[in-house]
Amino acid sequence: MEAFIEKFRKKYHIPATDLQLLIDCMQEIHFKKKEIIVGEGEKNTNLYLIKQGIWRGHYLKDGVDTTIWFASAGEAAFSVWGYADNSASPISIEVCCDSLAYCISGQDLNTLYSSSIELANLGRKLMEQQLLSTENWLISSGSPRAQERYLTLIRDTPELLKYVPQKHIASYLWITPQSLSRIRAKIKC
């Protein structure tokens with residue numbers, strides 16, 4: 001079984017047969033580095049399963065680009081607003097490195113959910129995981145030690161260091177790039 005499928009199954013707690021049924025209904029798409037999947041203010045109801053690569057969710061406010069999440073191989077990526085509410089997204093989703101993902105439209109996904117209780121449960125689990133990730137991010141942002149947040153991030157997603165600019169990682173950690181440089185220098189000692 002491919003590594004991304006196993007990672008996805010473990011993260012979202014779904015049987016291999018349900019995941020394969022979903023993937024069979026999806027289209028495989030290649031994305032280039034810096035490609036915008038969802039632009040701020042745009043509506044996108046698609047669900048993406050990342051097979052290879054790293055994506056980030058971010059927003060721009062008062063000229064400051066703030067990263068709020070990263071997704072990598074074995075994870076789902078989507079605009080919560082488009083997925084759950086069919087509305088415009090206040091964030092952008094950008095590809096950080098050349099990527100490969102499976103895609104299904106919201107309309108096709110809802111038809112699929114209607115056809116199977118197992119797949120409807122998959123949709124529920126995706127949203128539950130999104131909520132858990134968001135709350136964990138909010139809780140960890142209050143952590144007194146940016147170094148702890150950084151170490152957790154690179155432990156969970158080490159490929160970020162290879163493909164994501166330091167300024168985006170710093171933004172996600174709610175610190176400056178200079179502070180992140182000091183943390184990285186301290187860790188190397």
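Throughout, residue positions are numbered sequentially from 1 according to the sequence presented.
Contact of the Glu128 side chain with the Leu131 side chain is not registered, since no non-hydrogen atoms from C-beta on lie closer than 4.5 Å. The shortest side-chain heavy-atom distance between Leu160 and Tyr172 does not fall under the 4.5 Å cut-off. A 4.5 Å side-chain heavy-atom check between Asn44 and Glu42 finds every atom pair outside the cut-off. Counting heavy atoms from C-beta on, the side chains of Leu22 and Leu109 come closer than 4.5 Å. Residues His58 and His168 fail the side-chain proximity criterion, which asks for heavy atoms closer than 4.5 Å. Put simply, the side chain of Ile183 does not reach to within 4.5 Å of the side chain of Leu173, judged on heavy atoms. Phe78 is listed as a side-chain neighbour of Gln130, based on a closest heavy-atom distance under 4.5 Å. When side chains are defined from C-beta on, Trp69 counts as touching Ile91, because their heavy atoms get closer than 4.5 Å.
Of the inter-residue distances, the one linking Leu151 atom CG with Asp156 atom CG reads 11.0 Å to the nearest 0.5 angstrom. Of the inter-residue distances, the one linking Leu47 atom CG with Asn110 atom CG reads 10.5 Å to the nearest 0.5 angstrom. Rounding to the nearest 0.5 angstrom, the gap separating the CG atom in Asp24 from the CG atom in Leu112 is 10.0 Å. Rounding to the nearest 0.5 Å gives a distance of 12.0 Å between OG of Ser92 and OH of Tyr59. Atom-to-atom distance recorded for Ile93:CD1 and Trp55:CH2 is 7.5 Å, nearest 0.5 angstrom. A distance of 14.5 Å separates NZ in Lys11 from NZ in Lys125, rounded to the nearest 0.5 Å.
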Requested in this report: Report the C-alpha distance between Phe4 and Tyr102 in whole Å, list the side-chain angles of each, state the deciding distance to 0.1 Å, and finish with yes or no for ring-ring contact (aromatic ring centres under 6.0 Å, His included).
Outcome: CA-CA 11 Å; Phe4 98 95; Tyr102 292 101; 5.8 Å; yes
Requested in this report: Would you sort out whether Ile5 and Gln20 count as a side chain to side chain contact (heavy atoms under 4.5 Å, CB included), showing the intermediate values?
Outcome: CA-CA 9 Å; Ile5 289 176; Gln20 193 58 56; 4.3 Å; yes
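Checking Ser72 against Glu75 by side-chain atom types alone, a donor-acceptor pair falls below 3.5 Å. Side-chain contact annotation: Arg182 with Ser179, donor-acceptor N/O pair under 3.5 Å present. Side chains of Ser105 and Gln107: a donor-acceptor N/O pair is absent below 3.5 angstrom, by distance only.
For the pair Asp65 and Arg56, the salt-bridge criterion is met [side-chain N within less than 4.0 Å of a carboxylate O]. By the 4.0 Å N-to-carboxylate-O rule, Arg9 lies close enough to Glu6 to be salt-bridged with it.
In Tyr163, the OH atom is not crowded: 12 or fewer heavy atoms of neighbouring residues, nucleotides or ligands sit closer than 6.0 Å.
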